[in-house]
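One structure is given here, and the rest of the page talks about it.
Convention: sequence-line order gives letters A, B, ...; per-chain numbering from 1. Every value quoted in this text rests on a predicted model; they were computed, and no experiment measured them.
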Number of protein chains: 2
Amino acid sequence: MAVTISDVASAAGVSKGAVSLALNGQPGVGEETRQRILEAAKALGWTPSLRARGLKSSKSYALGLVIARNPKLLGSDPFFPAFIAGIETTLAEHEYTLVLTVATAPGAEERAYRKLADGGRVDGVILTDVRHDDSRIGLLQDLKLPAVTLNRPEMPSPFPAVCMDDTDGITAAVEHLIGLGHKRIAHIGGSQAYIHGRSRRHAWEAALTKAGLQADLFVEADFTAPGGVAATEQLLARQDPPTAIVYANDLMATAGQSFAQARGLNVPGDLSITGYDNAEFAQYLNPPLTTIAADPLRWGRAAALVLLSQLDGTHNGEDIELAPPQLVVRASTGPART
Amino acid sequence: MAVTISDVASAAGVSKGAVSLALNGQPGVGEETRQRILEAAKALGWTPSLRARGLKSSKSYALGLVIARNPKLLGSDPFFPAFIAGIETTLAEHEYTLVLTVATAPGAEERAYRKLADGGRVDGVILTDVRHDDSRIGLLQDLKLPAVTLNRPEMPSPFPAVCMDDTDGITAAVEHLIGLGHKRIAHIGGSQAYIHGRSRRHAWEAALTKAGLQADLFVEADFTAPGGVAATEQLLARQDPPTAIVYANDLMATAGQSFAQARGLNVPGDLSITGYDNAEFAQYLNPPLTTIAADPLRWGRAAALVLLSQLDGTHNGEDIELAPPQLVVRASTGPART
DNA sequence: ATCGGCAGCTAAACCGGTTTAGTAATGGAA
DNA sequence: TTCCATTACTAAACCGGTTTAGCTGCCGAT
């Protein structure tokens, strides 16, 4: 970046101001001069420094994303890569980049948001994995950092939300199982600290209640494979074990299915299983996993778009509602044993 | 960021320069004054603007990572999340952040690097998935963007490399299979455009040759699940099908294993299978997958460290060699059928 | 008594852009 | 012919830091 606006200015025989006007398509320079300036800029290979531009405009031209997850778990989560790719499809068309932070240690999350806010590293952040009583929304207000949340928090939040309702998918899964004759349908949920952990549980409960079945087979797990195994073991040890289990994600479902098979159970003969996420590997299991396919790419794209429009003041303040995830029926679900 | 250095200066009754000196621990201010300034800064909640600081120092305090992969595939790849988490563990201790770009469309990759270089958005980049005749290393030299590569490119490269040799792991896998009595050991490789696709193939070849076996059962695939299925089908259709297949990653191994089982083959009774990556789901397959465990977290940490030391001029120019990946034996490999 | 040197601080230049105020030239209307 | 408006441009201020040059007051050495 040795070449600056002054170099271009003197090369074109004009002042710095004229170069700036020409570059940004502002009126104030003649068409002929504008062309001469643009050619000089091209010849010198000049691109304006974002730092200098941002200094004047108080913008950083970057969005932030903080992921607070165990890296080991993250590696099997199909959500974030696709979500991030979605963000990128939006940013590719806007002079913005994404600053990503992975916060593993406890307390690292808040530090991460502060780090992004402090020097003005980002102009806004996208909040994923919203929790029940999420301290981040207060924090971000303190830091005066604009944000978008994935789904609407249960607490009051000044930030627009981009929503994808997971209720429908879980409802469809439960109804699918009921249609197959299952009466004892369990749910192994993710952490209930997350609002998506809760909403999936509530959807499962509601669907069972609506069908006149009891919603008593719930175990809270943590979205990890070992957690899924432990929860599955706990359910299968009951006197009245379930004939079907609705898992809150594919990783737990995979681990649970494997565990049940190792116990000598046939899937789906003895136990039907559903997941959530439609991970790439899910269709290559034995049997292939019935699961719920969200569209994280679209979610990321929409979230970035809303945040950007929020930043330039063109957002109308309303939440966005995206098309809900769909049930994908494969071979891990079958008729209930009679 | 309404509060600036001038506010702090007037609050402490000193000049801007004194505040700067005090903040950065430079000599030139008395101890008493320094304390007064720091207190004023704390009271006002002032943190210096990175933009302004960077304008003077010509630094952005950010590193870049461009991932050129299909998002769908990315979602099942355990490498990048852990690798990124590793980068973060280093950056957390150094006033740097990570700018991530996912380039999906062809041609988007070069645009991504240009976008990072142009406005001076990052001070350096980490190059992953190095290819055989990688155009990026020339590009980065043109852009004058410092870099670190993962493993040493086959072509001349001015950038330091952080290496993790995948040879040992593959060799160990092949020797493990030979020890189990296998004679016909195939390899389903990733794209040979990648140097890690090539090195894995060469390691497989070398191990077989060393044992006096023929290395004729190779199929090039693309690291994807459908690709793994197609390659597996091709191998199993041969007149002399393999009794063991060494896959270049877990996703292809998973898909291949599932395909073989659907064909009625017993794993490992009829066919032994090994993967690469040690994805979280790999141990929850049926049977659990024998695979090769790398340490992407450590790799990311080391890569970021080398790049940072390169940026501040303290790097000695030598490549770093990390501990090689290890074979993890599980139940997808067993004695050869006789 | 005078001078040199140093500690402690301020003023101002500087980084590379954007933006505002101001100037010169041109054209049209009165 | 005079005056005003408009166009095309320049000079300079500005963003918020860092850094250099310079100033002041005090000390010890000559």
Side-chain angles (χ1 to χ4, degrees), chain A residues 1-38 40-42 44-62 95 117-123 144 312, chain B residues 1-38 40-42 44-62 95 117-123 144 312:
Chain A
M1 295 305 301
V3 43
T4 74
I5 197 174
S6 301
D7 300 327
V8 176
S10 59
V14 294
S15 70
K16 283 170 36 174
V19 176
S20 178
L21 294 177
L23 182 78
N24 298 307
Q26 305 278 359
V29 279
E31 191 52 39
E32 186 184 358
T33 315
R34 182 186 305 271
Q35 289 306 327
R36 187 157 38 90
I37 291 172
L38 293 181
K42 188 149 295 177
L44 293 174
W46 175 69
T47 47
S49 153
L50 278 184
R51 280 189 283 281
R53 172 178 290 182
L55 185 57
K56 187 67 179 170
S57 62
S58 295
K59 291 203 278 187
S60 63
Y61 304 101
E95 198 177 23
D118 272 356
R121 290 181 194 264
V122 299
D123 296 333
K144 301 203 193 333
D312 67 16
Chain B
M1 294 307 301
V3 43
T4 75
I5 197 173
S6 301
D7 300 327
V8 176
S10 58
V14 294
S15 70
K16 283 171 35 175
V19 176
S20 178
L21 295 177
L23 182 78
N24 298 307
Q26 305 279 359
V29 279
E31 192 51 39
E32 187 185 359
T33 316
R34 182 187 304 271
Q35 288 308 326
R36 187 156 39 89
I37 291 171
L38 293 181
K42 189 148 293 176
L44 293 174
W46 175 69
T47 46
S49 155
L50 278 185
R51 278 189 284 281
R53 172 177 291 183
L55 185 56
K56 187 67 179 170
S57 61
S58 295
K59 291 203 277 185
S60 63
Y61 304 100
E95 197 177 29
D118 272 356
R121 291 181 195 262
V122 300
D123 296 333
K144 301 203 194 334
D312 66 17

For [N] and [X] - does any side-chain N or O of the residue sit under 4.0 Å from the phosphate oxygens OP1/OP2?
{"X": "B:Ser57", "N": "C:dC15", "answer": "no"}
{"X": "A:Arg53", "N": "C:dT18", "answer": "yes"}
{"X": "B:Trp46", "N": "D:dG16", "answer": "no"}
{"X": "B:Thr33", "N": "C:dC9", "answer": "yes"}

**Prompt:** Contact class for A:Gly30 (heavy atom, under 4.0 Å): base, sugar-phosphate, or nothing?
**Reply:**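 Sugar-phosphate, backbone atoms only, no base.
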**Prompt:** Checking all strands, does A:Ser6 fall into the base, sugar-phosphate, or nothing category for heavy-atom contacts under 4.0 angstrom?
**Reply:**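 Contact class for A:Ser6: none.
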Nearest-Å distance for atom pair [atom1]/[atom2], residues [X] and [N]:
{"X": "B:Gln35", "N": "C:dC9", "atom1": "CD", "atom2": "P", "result": "13 Å"}
{"X": "A:Leu55", "N": "D:dG16", "atom1": "CG", "atom2": "C1'", "result": "5 Å"}
{"X": "B:Gln26", "N": "D:dG17", "atom1": "CD", "atom2": "P", "result": "16 Å"}

**Asked** For residues 12-24 of chain A, which residues have at least one heavy atom under 4.0 Å from DNA chain D?
**Response**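 Within residues 12-24 of chain A, the residues near DNA chain D are A:Gly13, A:Val14, A:Ser15, A:Ala18.
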**Item:** Residue mapping more 5' on DNA chain C - nearest nucleotide basis, B:Ala52 or B:Arg34
**Value:**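 Comparing both residues, the 5'-ward one is B:Arg34.
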**Asked** Is there a salt bridge (Lys or Arg N to Asp or Glu O under 4.0 Å) between A:Glu95 and A:Arg53 once you walk through the steps?
**Response** CA-CA 12 Å; A:Glu95 198 177 23; A:Arg53 172 178 290 182; 3.1 Å; yes
